[in-house]
Enquirer: 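My questions all concern the structure below.
Counting convention: from 1, in listed order, for ligands and their atoms alike. Side-chain atoms are counted along with the backbone in the values below, which use heavy atoms only and exclude waters and symmetry mates.
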Amino acid sequence: MKPKLQVALDLLEFDRAIQIAKEAVEGGADWIEAGTPLIKSVGMDIIRILREKFPDKTIVADMKTMDTGAIEVEMAAKAGADIVSILAAADNSTIEDALRSAREYGVQLMVDLINVPDPVKKAKELEEIGVDYICVHVGIDQQMVGVDTIELLEAIVKEVETPLAVGGGLDAESSAHAIAAGAEVVIVGGNIIRSADVTGSTRLIREAIDNAEITDKKRETIEEETIRLFMEVSTPNISDAMHREPCMRGIRPIFEGIKVAGRAVTVQTFGGDWAKTVEAIDVAGEGDILVIFNGSDYITPWGELASHSAQNRGIAALVIDGPVRDIDDIREMRFPIFASGIVSNAGDPKGFGEINAEITCGGVKVRPGDYIVGDDNGVMVIPKERGYEIARRAMEVKKNEDRVREEIRRGKTLSQVIELYKWEKKQK
Ligand SMILES: O=C([C@H](O)CO)[C@H](O)[C@H](O)COP(=O)(O)O
(Lines give C-alpha, C1' and ligand atoms only; values in the text may rest on other atoms or scores of the structure.)
Protein backbone atom coordinates (compact mmCIF):
# COMPACT_ATOMS: atom_id res chain seq x y z
CA MET A 1 0.00 0.00 0.00
CA LYS A 2 1.23 3.51 -0.81
CA PRO A 3 2.36 5.24 2.40
CA LYS A 4 0.23 8.12 3.59
CA LEU A 5 1.56 11.55 4.39
CA GLN A 6 -0.45 13.43 7.02
CA VAL A 7 0.29 17.14 7.36
CA ALA A 8 -0.35 18.34 10.92
CA LEU A 9 -1.71 21.89 10.90
CA ASP A 10 -0.39 22.93 14.31
CA LEU A 11 -1.19 26.59 13.78
CA LEU A 12 -3.37 29.18 15.49
CA GLU A 13 -4.81 31.06 12.54
CA PHE A 14 -7.71 29.93 10.36
CA ASP A 15 -6.66 31.48 7.03
CA ARG A 16 -3.04 30.47 7.35
CA ALA A 17 -4.09 26.91 8.11
CA ILE A 18 -6.19 26.71 4.94
CA GLN A 19 -3.46 28.26 2.80
CA ILE A 20 -0.76 25.98 4.22
CA ALA A 21 -3.01 22.93 3.76
CA LYS A 22 -3.47 23.92 0.11
CA GLU A 23 0.29 24.22 -0.43
CA ALA A 24 0.93 20.90 1.36
CA VAL A 25 -1.66 19.13 -0.80
CA GLU A 26 0.08 20.53 -3.90
CA GLY A 27 3.28 18.95 -2.59
CA GLY A 28 1.64 15.55 -2.12
CA ALA A 29 0.05 15.40 1.36
CA ASP A 30 -2.79 12.84 1.44
CA TRP A 31 -4.23 13.45 4.88
CA ILE A 32 -4.85 16.85 6.45
CA GLU A 33 -4.83 17.05 10.23
CA ALA A 34 -6.58 19.82 12.13
CA GLY A 35 -3.93 20.00 14.89
CA THR A 36 -4.91 20.33 18.53
CA PRO A 37 -3.63 23.95 18.85
CA LEU A 38 -5.67 24.89 15.77
CA ILE A 39 -8.85 23.27 17.07
CA LYS A 40 -8.34 25.04 20.41
CA SER A 41 -7.68 28.35 18.72
CA VAL A 42 -10.51 28.47 16.18
CA GLY A 43 -12.84 25.63 17.17
CA MET A 44 -14.42 22.72 15.33
CA ASP A 45 -15.35 24.95 12.38
CA ILE A 46 -11.85 24.37 11.03
CA ILE A 47 -12.85 20.76 10.39
CA ARG A 48 -16.00 21.86 8.54
CA ILE A 49 -13.97 24.20 6.35
CA LEU A 50 -11.23 21.64 5.68
CA ARG A 51 -13.95 19.15 4.68
CA GLU A 52 -15.49 21.69 2.32
CA LYS A 53 -12.21 22.88 0.77
CA PHE A 54 -10.62 19.43 0.43
CA PRO A 55 -13.49 17.05 -0.39
CA ASP A 56 -11.17 14.31 -1.72
CA LYS A 57 -8.69 14.34 1.13
CA THR A 58 -8.79 12.46 4.41
CA ILE A 59 -9.40 14.90 7.27
CA VAL A 60 -7.96 13.97 10.65
CA ALA A 61 -9.15 15.70 13.84
CA ASP A 62 -6.40 15.62 16.47
CA MET A 63 -8.75 15.95 19.47
CA LYS A 64 -6.32 14.61 22.14
CA THR A 65 -9.34 13.46 24.10
CA MET A 66 -8.84 12.24 27.69
CA ASP A 67 -12.46 11.73 28.74
CA THR A 68 -15.94 11.50 27.20
CA GLY A 69 -14.50 9.90 24.06
CA ALA A 70 -17.86 9.21 22.48
CA ILE A 71 -19.05 12.80 22.44
CA GLU A 72 -15.76 14.17 21.12
CA VAL A 73 -15.66 11.60 18.33
CA GLU A 74 -19.26 12.46 17.48
CA MET A 75 -18.43 16.18 17.35
CA ALA A 76 -15.47 15.64 15.03
CA ALA A 77 -17.36 13.17 12.86
CA LYS A 78 -20.34 15.50 12.47
CA ALA A 79 -17.98 18.35 11.58
CA GLY A 80 -16.64 16.24 8.70
CA ALA A 81 -13.56 14.37 9.98
CA ASP A 82 -12.72 10.95 8.54
CA ILE A 83 -10.34 9.98 11.33
CA VAL A 84 -10.50 11.13 14.94
CA SER A 85 -7.43 10.98 17.15
CA ILE A 86 -7.77 10.57 20.92
CA LEU A 87 -5.25 9.85 23.69
CA ALA A 88 -4.05 6.39 24.66
CA ALA A 89 -3.39 7.86 28.12
CA ALA A 90 -7.18 7.98 28.59
CA ASP A 91 -8.88 5.17 30.48
CA ASN A 92 -9.73 2.14 28.32
CA SER A 93 -13.42 2.84 29.02
CA THR A 94 -12.99 6.19 27.22
CA ILE A 95 -11.21 4.54 24.28
CA GLU A 96 -13.79 1.76 24.00
CA ASP A 97 -16.68 4.22 24.08
CA ALA A 98 -14.91 6.43 21.53
CA LEU A 99 -14.61 3.38 19.27
CA ARG A 100 -18.36 2.66 19.58
CA SER A 101 -19.02 6.26 18.61
CA ALA A 102 -16.58 6.01 15.69
CA ARG A 103 -18.43 2.96 14.37
CA GLU A 104 -21.79 4.69 14.83
CA TYR A 105 -20.73 7.79 12.92
CA GLY A 106 -18.69 6.03 10.24
CA VAL A 107 -15.24 7.39 11.11
CA GLN A 108 -11.98 5.68 12.04
CA LEU A 109 -10.33 5.94 15.42
CA MET A 110 -6.66 6.74 15.85
CA VAL A 111 -5.24 6.46 19.35
CA ASP A 112 -2.17 8.47 20.24
CA LEU A 113 0.52 6.97 22.50
CA ILE A 114 1.98 10.37 23.47
CA ASN A 115 3.29 10.38 27.08
CA VAL A 116 2.08 6.86 27.86
CA PRO A 117 4.43 5.33 30.49
CA ASP A 118 4.65 1.89 28.80
CA PRO A 119 3.85 2.46 25.12
CA VAL A 120 4.54 -1.14 24.01
CA LYS A 121 2.11 -2.56 26.58
CA LYS A 122 -0.47 0.09 25.73
CA ALA A 123 -0.12 -0.57 21.99
CA LYS A 124 -0.97 -4.26 22.61
CA GLU A 125 -4.04 -3.23 24.63
CA LEU A 126 -5.16 -0.90 21.85
CA GLU A 127 -4.83 -3.75 19.38
CA GLU A 128 -7.06 -5.90 21.63
CA ILE A 129 -9.61 -3.09 21.77
CA GLY A 130 -9.56 -2.97 17.98
CA VAL A 131 -8.73 0.65 17.23
CA ASP A 132 -8.10 1.52 13.58
CA TYR A 133 -4.71 3.22 13.93
CA ILE A 134 -2.16 3.38 16.69
CA CYS A 135 -0.27 6.65 16.62
CA VAL A 136 3.36 6.34 17.72
CA HIS A 137 3.93 9.91 18.76
CA VAL A 138 6.71 11.81 20.47
CA GLY A 139 5.29 15.19 21.42
CA ILE A 140 6.97 18.45 20.53
CA ASP A 141 8.19 19.13 24.09
CA GLN A 142 9.58 15.57 24.41
CA GLN A 143 11.40 15.97 21.09
CA MET A 144 13.09 19.05 22.49
CA VAL A 145 14.63 16.99 25.28
CA GLY A 146 15.85 14.27 22.93
CA VAL A 147 13.16 11.54 22.94
CA ASP A 148 13.54 9.66 19.66
CA THR A 149 10.46 8.88 17.55
CA ILE A 150 12.08 6.18 15.41
CA GLU A 151 13.40 4.27 18.44
CA LEU A 152 9.87 4.20 19.85
CA LEU A 153 8.45 3.05 16.52
CA GLU A 154 11.00 0.24 16.26
CA ALA A 155 10.00 -1.00 19.72
CA ILE A 156 6.29 -1.06 18.84
CA VAL A 157 6.28 -2.25 15.23
CA LYS A 158 7.43 -5.74 16.29
CA GLU A 159 4.57 -6.15 18.74
CA VAL A 160 1.36 -5.18 16.90
CA GLU A 161 -0.32 -5.59 13.53
CA THR A 162 -2.67 -2.62 13.77
CA PRO A 163 -1.71 0.04 11.20
CA LEU A 164 0.76 2.49 12.70
CA ALA A 165 0.86 6.22 12.17
CA VAL A 166 4.05 7.86 13.39
CA GLY A 167 4.84 11.47 14.19
CA GLY A 168 7.19 13.63 16.17
CA GLY A 169 9.74 15.92 14.55
CA LEU A 170 9.91 13.89 11.33
CA ASP A 171 11.74 15.21 8.28
CA ALA A 172 12.30 13.57 4.88
CA GLU A 173 14.99 11.19 6.11
CA SER A 174 13.24 10.07 9.31
CA SER A 175 9.87 9.81 7.50
CA ALA A 176 11.43 7.43 4.99
CA HIS A 177 13.00 5.48 7.85
CA ALA A 178 9.61 5.25 9.59
CA ILE A 179 7.91 3.88 6.48
CA ALA A 180 10.73 1.42 5.82
CA ALA A 181 10.45 0.27 9.43
CA GLY A 182 6.77 -0.55 8.96
CA ALA A 183 4.65 2.58 9.59
CA GLU A 184 1.74 3.16 7.18
CA VAL A 185 1.28 6.86 7.88
CA VAL A 186 3.80 9.58 8.64
CA ILE A 187 2.58 12.68 10.43
CA VAL A 188 4.64 15.80 9.78
CA GLY A 189 4.02 19.17 11.39
CA GLY A 190 6.88 21.64 11.84
CA ASN A 191 9.03 20.50 8.94
CA ILE A 192 6.19 21.27 6.53
CA ILE A 193 4.03 23.99 8.04
CA ARG A 194 6.89 26.22 9.22
CA SER A 195 8.76 26.00 5.95
CA ALA A 196 8.93 29.06 3.69
CA ASP A 197 8.31 26.63 0.82
CA VAL A 198 5.54 24.36 2.13
CA THR A 199 4.94 22.70 -1.25
CA GLY A 200 8.65 22.01 -1.80
CA SER A 201 9.14 20.63 1.71
CA THR A 202 6.08 18.39 1.38
CA ARG A 203 7.32 17.14 -1.98
CA LEU A 204 10.70 16.19 -0.51
CA ILE A 205 9.00 14.11 2.19
CA ARG A 206 6.57 12.62 -0.35
CA GLU A 207 9.46 11.47 -2.56
CA ALA A 208 11.38 10.15 0.44
CA ILE A 209 8.49 8.00 1.72
CA ASP A 210 7.61 6.74 -1.76
CA ASN A 211 11.18 5.47 -2.11
CA ALA A 212 11.60 4.58 1.52
CA GLU A 213 14.68 2.82 2.70
CA ILE A 214 16.58 2.64 5.95
CA THR A 215 19.90 4.41 5.66
CA ASP A 216 22.67 3.48 8.04
CA LYS A 217 24.06 7.00 7.90
CA LYS A 218 26.02 7.71 11.09
CA ARG A 219 23.86 9.83 13.40
CA GLU A 220 25.26 12.97 14.97
CA THR A 221 25.90 12.87 18.69
CA ILE A 222 23.65 15.08 20.83
CA GLU A 223 26.64 17.41 21.36
CA GLU A 224 27.32 17.68 17.62
CA GLU A 225 23.65 18.33 16.90
CA THR A 226 23.43 20.94 19.67
CA ILE A 227 26.40 22.92 18.33
CA ARG A 228 25.19 22.57 14.71
CA LEU A 229 21.73 23.88 15.63
CA PHE A 230 23.18 26.78 17.63
CA MET A 231 25.28 27.70 14.57
CA GLU A 232 22.15 27.63 12.38
CA VAL A 233 19.96 29.86 14.57
CA SER A 234 20.49 33.45 15.74
CA THR A 235 20.88 34.74 19.29
CA PRO A 236 17.44 36.44 18.99
CA ASN A 237 16.00 32.98 18.15
CA ILE A 238 17.70 31.64 21.28
CA SER A 239 16.44 34.48 23.47
CA ASP A 240 12.88 33.86 22.21
CA ALA A 241 13.25 30.14 22.86
CA MET A 242 14.27 30.98 26.44
CA HIS A 243 11.15 33.10 27.03
CA ARG A 244 13.02 36.38 26.16
CA GLU A 245 16.06 35.73 28.36
CA PRO A 246 18.49 38.69 28.03
CA CYS A 247 21.87 38.54 26.31
CA MET A 248 25.01 39.75 28.09
CA ARG A 249 24.76 43.47 28.78
CA GLY A 250 27.24 45.82 27.08
CA ILE A 251 29.29 43.11 25.37
CA ARG A 252 29.70 43.60 21.63
CA PRO A 253 31.60 41.87 18.81
CA ILE A 254 34.79 43.69 17.83
CA PHE A 255 34.05 43.06 14.15
CA GLU A 256 30.92 42.16 12.21
CA GLY A 257 29.96 38.78 10.87
CA ILE A 258 31.05 36.67 13.85
CA LYS A 259 29.00 33.56 14.55
CA VAL A 260 30.23 31.22 17.27
CA ALA A 261 28.86 28.48 19.50
CA GLY A 262 30.74 26.41 22.05
CA ARG A 263 31.15 25.46 25.69
CA ALA A 264 32.41 27.98 28.23
CA VAL A 265 35.77 27.85 29.95
CA THR A 266 35.43 30.60 32.54
CA VAL A 267 38.06 32.91 33.98
CA GLN A 268 37.76 35.28 36.91
CA THR A 269 40.58 37.81 36.91
CA PHE A 270 41.18 41.27 38.36
CA GLY A 271 42.01 44.56 36.68
CA GLY A 272 44.03 43.36 33.70
CA ASP A 273 45.93 40.57 35.50
CA TRP A 274 46.53 38.38 32.47
CA ALA A 275 48.07 35.28 34.12
CA LYS A 276 44.83 33.26 34.46
CA THR A 277 43.44 34.45 31.13
CA VAL A 278 46.52 33.20 29.28
CA GLU A 279 46.72 29.97 31.33
CA ALA A 280 43.08 29.31 30.40
CA ILE A 281 44.20 28.96 26.78
CA ASP A 282 46.05 25.80 27.84
CA VAL A 283 43.03 24.53 29.77
CA ALA A 284 40.46 25.06 26.99
CA GLY A 285 39.90 22.48 24.27
CA GLU A 286 39.12 22.83 20.60
CA GLY A 287 35.80 24.59 20.01
CA ASP A 288 35.57 26.00 23.55
CA ILE A 289 34.85 29.65 24.26
CA LEU A 290 36.81 31.57 26.90
CA VAL A 291 34.54 33.73 29.05
CA ILE A 292 36.35 36.23 31.25
CA PHE A 293 35.30 38.64 33.97
CA ASN A 294 38.04 41.25 34.20
CA GLY A 295 36.73 43.60 36.88
CA SER A 296 38.00 46.77 35.15
CA ASP A 297 36.90 48.77 32.11
CA TYR A 298 40.27 50.53 31.80
CA ILE A 299 42.96 47.88 31.76
CA THR A 300 42.98 44.71 29.67
CA PRO A 301 44.17 41.14 30.24
CA TRP A 302 43.92 40.24 26.51
CA GLY A 303 45.58 41.25 23.24
CA GLU A 304 46.92 40.00 19.95
CA LEU A 305 49.44 37.44 21.27
CA ALA A 306 46.82 35.75 23.44
CA SER A 307 44.42 35.76 20.46
CA HIS A 308 47.07 34.18 18.28
CA SER A 309 47.74 31.48 20.85
CA ALA A 310 43.99 30.81 21.36
CA GLN A 311 43.42 30.58 17.62
CA ASN A 312 46.28 28.06 17.30
CA ARG A 313 44.65 25.90 19.98
CA GLY A 314 41.34 25.87 18.07
CA ILE A 315 39.53 27.94 20.70
CA ALA A 316 36.36 29.23 19.06
CA ALA A 317 36.13 32.71 20.61
CA LEU A 318 36.68 35.01 23.56
CA VAL A 319 33.92 36.75 25.49
CA ILE A 320 35.11 39.30 28.02
CA ASP A 321 33.44 41.61 30.48
CA GLY A 322 36.31 44.07 30.16
CA PRO A 323 38.36 45.64 27.39
CA VAL A 324 40.78 44.11 24.84
CA ARG A 325 43.64 45.68 22.88
CA ASP A 326 45.48 45.20 19.56
CA ILE A 327 42.13 44.97 17.84
CA ASP A 328 43.57 45.94 14.44
CA ASP A 329 45.70 42.76 14.49
CA ILE A 330 42.89 40.68 15.97
CA ARG A 331 40.47 41.86 13.30
CA GLU A 332 43.01 40.94 10.66
CA MET A 333 43.42 37.41 12.01
CA ARG A 334 39.63 37.26 12.51
CA PHE A 335 39.78 35.74 15.96
CA PRO A 336 36.20 36.21 17.23
CA ILE A 337 35.99 38.45 20.30
CA PHE A 338 33.04 39.93 22.14
CA ALA A 339 34.18 42.61 24.61
CA SER A 340 32.83 45.51 26.63
CA GLY A 341 35.57 47.90 25.52
CA ILE A 342 38.86 48.63 23.79
CA VAL A 343 41.98 50.15 25.40
CA SER A 344 45.75 50.33 24.71
CA ASN A 345 47.10 49.32 28.11
CA ALA A 346 47.42 45.85 29.59
CA GLY A 347 47.98 44.80 33.21
CA ASP A 348 50.63 42.51 34.69
CA PRO A 349 50.55 38.69 35.03
CA LYS A 350 50.17 38.51 38.83
CA GLY A 351 48.22 35.27 39.01
CA PHE A 352 45.14 36.29 41.00
CA GLY A 353 41.79 34.85 40.08
CA GLU A 354 40.50 31.45 39.03
CA ILE A 355 39.88 29.26 35.99
CA ASN A 356 36.58 27.37 35.65
CA ALA A 357 34.73 28.86 38.59
CA GLU A 358 31.23 30.30 38.24
CA ILE A 359 31.44 33.93 37.11
CA THR A 360 29.17 36.78 36.08
CA CYS A 361 29.85 38.20 32.64
CA GLY A 362 27.80 41.08 31.21
CA GLY A 363 25.38 40.63 34.10
CA VAL A 364 24.72 36.95 33.27
CA LYS A 365 25.84 33.97 35.35
CA VAL A 366 28.18 31.62 33.45
CA ARG A 367 29.35 28.20 34.67
CA PRO A 368 32.07 26.14 33.05
CA GLY A 369 30.48 23.97 30.35
CA ASP A 370 27.50 26.25 29.74
CA TYR A 371 26.80 26.87 26.05
CA ILE A 372 27.78 30.28 24.70
CA VAL A 373 26.41 31.55 21.40
CA GLY A 374 27.50 34.87 19.95
CA ASP A 375 26.61 36.78 16.81
CA ASP A 376 26.21 40.39 15.64
CA ASN A 377 23.26 40.82 18.04
CA GLY A 378 25.05 39.80 21.22
CA VAL A 379 26.04 36.86 23.39
CA MET A 380 23.60 34.37 24.93
CA VAL A 381 24.40 31.92 27.73
CA ILE A 382 22.49 28.65 27.73
CA PRO A 383 22.66 26.50 30.90
CA LYS A 384 24.50 23.27 30.03
CA GLU A 385 21.60 21.06 31.22
CA ARG A 386 19.26 22.69 28.68
CA GLY A 387 21.62 23.01 25.71
CA TYR A 388 19.98 20.48 23.39
CA GLU A 389 16.47 21.53 24.35
CA ILE A 390 17.13 25.23 23.76
CA ALA A 391 18.93 24.53 20.47
CA ARG A 392 15.87 22.56 19.26
CA ARG A 393 13.40 25.18 20.51
CA ALA A 394 15.43 27.97 18.89
CA MET A 395 15.29 26.07 15.60
CA GLU A 396 11.48 25.93 15.92
CA VAL A 397 11.47 29.72 16.45
CA LYS A 398 13.62 30.15 13.35
CA LYS A 399 11.42 27.89 11.20
CA ASN A 400 8.33 29.76 12.33
CA GLU A 401 9.96 33.07 11.38
CA ASP A 402 10.96 31.66 7.98
CA ARG A 403 7.29 31.01 7.22
CA VAL A 404 6.08 34.35 8.64
CA ARG A 405 8.72 36.17 6.54
CA GLU A 406 7.43 34.42 3.43
CA GLU A 407 3.88 35.51 4.18
CA ILE A 408 5.05 39.13 4.69
CA ARG A 409 6.86 38.87 1.35
CA ARG A 410 3.55 37.85 -0.23
CA GLY A 411 1.96 41.09 0.99
CA LYS A 412 0.53 40.71 4.51
CA THR A 413 1.61 42.95 7.38
CA LEU A 414 3.25 41.29 10.36
CA SER A 415 0.24 41.93 12.58
CA GLN A 416 -2.02 40.33 9.97
CA VAL A 417 0.12 37.21 9.72
CA ILE A 418 0.24 36.62 13.46
CA GLU A 419 -3.28 37.96 14.20
CA LEU A 420 -1.72 40.34 16.72
CA TYR A 421 -4.93 42.08 17.79
CA LYS A 422 -6.71 38.79 18.50
CA TRP A 423 -3.82 37.51 20.61
CA GLU A 424 -3.22 40.63 22.74
CA LYS A 425 -3.62 39.74 26.40
CA LYS A 426 -7.15 40.56 27.48
CA GLN A 427 -7.44 42.91 30.48
CA LYS A 428 -9.73 42.04 33.40
O1 LIG B 1 0.35 16.37 17.62
C2 LIG B 1 1.25 17.14 17.60
C3 LIG B 1 1.65 17.90 18.82
O4 LIG B 1 1.28 17.21 19.97
C5 LIG B 1 0.99 19.28 18.90
O6 LIG B 1 -0.38 19.19 18.87
C7 LIG B 1 1.97 17.36 16.30
O8 LIG B 1 1.02 17.49 15.33
C9 LIG B 1 2.85 16.23 15.88
O10 LIG B 1 3.85 16.09 16.88
C11 LIG B 1 3.52 16.46 14.55
O12 LIG B 1 4.22 17.67 14.55
P13 LIG B 1 5.83 17.75 14.45
O14 LIG B 1 6.36 17.02 15.61
O15 LIG B 1 6.13 19.22 14.48
O16 LIG B 1 6.21 17.12 13.14
Enquirer: Within ligand 1, which atoms have a heavy atom of A8 less than 4.0 Å away?
Expert: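 It comes down to these atoms of ligand 1: 8 (O).
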
Enquirer: Please report the shortest heavy-atom distance between A176 and A212, naming the atom on each side.
Expert: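 Minimum heavy-atom contact is O-CB, 3.4 Å.
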
Enquirer: Of all the atoms in ligand 1, which lie at a distance below 4.0 Å from a heavy atom belonging to Q143?
Expert: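 It comes down to these atoms of ligand 1: 14 (O).
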
Enquirer: Are G35 and ligand 1 in contact, using a heavy-atom cut-off of under 4.0 Å?
Expert: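 No.
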
Enquirer: Are K122 and N92 linked by a side-chain donor-acceptor pair shorter than 3.5 Å?
Expert: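 Short answer, yes.
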
Enquirer: Please assess V198 against I193 for the test side-chain contact (heavy atoms from CB on, under 4.5 Å), listing each intermediate value before the final yes or no.
Expert: CA-CA 6 Å; V198 166; I193 65 168; 5.7 Å; no

Enquirer: Might you work through the side chain to side chain donor-acceptor pair (under 3.5 Å) test for N312 and S309, ending with a clear yes or no?
Expert: CA-CA 5 Å; N312 267 357; S309 173; over 6 Å; no

Enquirer: May I ask you to identify the nearest protein heavy atom to atom 10 (O) of ligand 1, giving residue, atom name and distance to one decimal place in Å?
Expert: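 Closest protein heavy atom to atom 10 (O) of ligand 1: H137 NE2, 2.7 Å.
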
Enquirer: Is there a donor in the side chain of T162 and an acceptor in the side chain of E127, or the other way round, less than 3.5 Å apart?
Expert: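 Short answer, yes.
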
Enquirer: Are E33 and M110 side-chain neighbours, meaning at least one heavy-atom pair lies under 4.5 Å?
Expert: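 Result no, sub-4.5 Å side-chain heavy-atom pair not found.
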
Enquirer: Which of the atoms in ligand 1, numbered in the order shown and given with their element, are less than 4.0 Å from a heavy-atom of P37?
Expert: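 What qualifies from ligand 1 is 6 (O).
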
Enquirer: If I apply the N/O under 3.5 Å rule, does G169 come out as touching ligand 1?
Expert: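 Yes: some nitrogen or oxygen of G169 is under 3.5 Å from one in ligand 1.
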
Enquirer: Test your reading of the structure: does G167 have an N or O sitting under 3.5 Å from an N or O of ligand 1?
Expert: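 Such a contact does not occur with ligand 1.
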
Enquirer: Using 30° and 60° as the class limits, which term best fits the ring planes of Y371 and F230: parallel, tilted or perpendicular?
Expert: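 Judged by the thresholds at 30° and 60°, the geometry between Y371 and F230 is tilted.
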
Enquirer: Decide whether an N or O pair under 3.5 Å exists between G139 and ligand 1.
Expert: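 No: no nitrogen or oxygen of G139 is under 3.5 Å from one in ligand 1.
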
Enquirer: Would one find an N or O of D62, backbone or side chain, under 3.5 Å from an N or O of ligand 1?
Expert: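 It does: an N or O of D62 is found under 3.5 Å from an N or O of ligand 1.
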
Enquirer: Going by side chain to side chain contact (heavy atoms under 4.5 Å, CB included), V136 matches just one of V160, I187, V157, I156. Which one?
Expert: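 Answer after filtering V160, I187, V157, I156: I156.
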
Enquirer: To check your reading of the model: name the closest protein heavy atom to atom 16 (O) of ligand 1, its residue, and the distance in Å.
Expert: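 Ranked first by proximity to atom 16 (O) of ligand 1 is G189 N, 2.8 Å.
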
Enquirer: Does ligand 1 have an atom that lies less than 4.0 angstrom from a heavy atom of D10?
Expert: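 Heavy atoms of D10 do come under 4.0 Å of ligand 1.
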
Enquirer: Return yes if a side-chain donor-acceptor contact under 3.5 Å exists between D375 and T235, otherwise no.
Expert: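 Short answer, yes.
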
Enquirer: What atoms of ligand 1 come closer than 4.0 angstrom to any heavy atom of G190?
Expert: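 Once the distances to G190 are compared, the set is 13 (P), 15 (O), 16 (O).
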
Enquirer: If hydrogens are left out, which of Q6, E33, E396, K64 has an atom nearest to atom 4 (O) of ligand 1, that is, the closest non-hydrogen atom?
Expert: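 When every heavy atom of Q6, E33, E396, K64 is considered, K64 comes closest to atom 4 (O) of ligand 1.
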
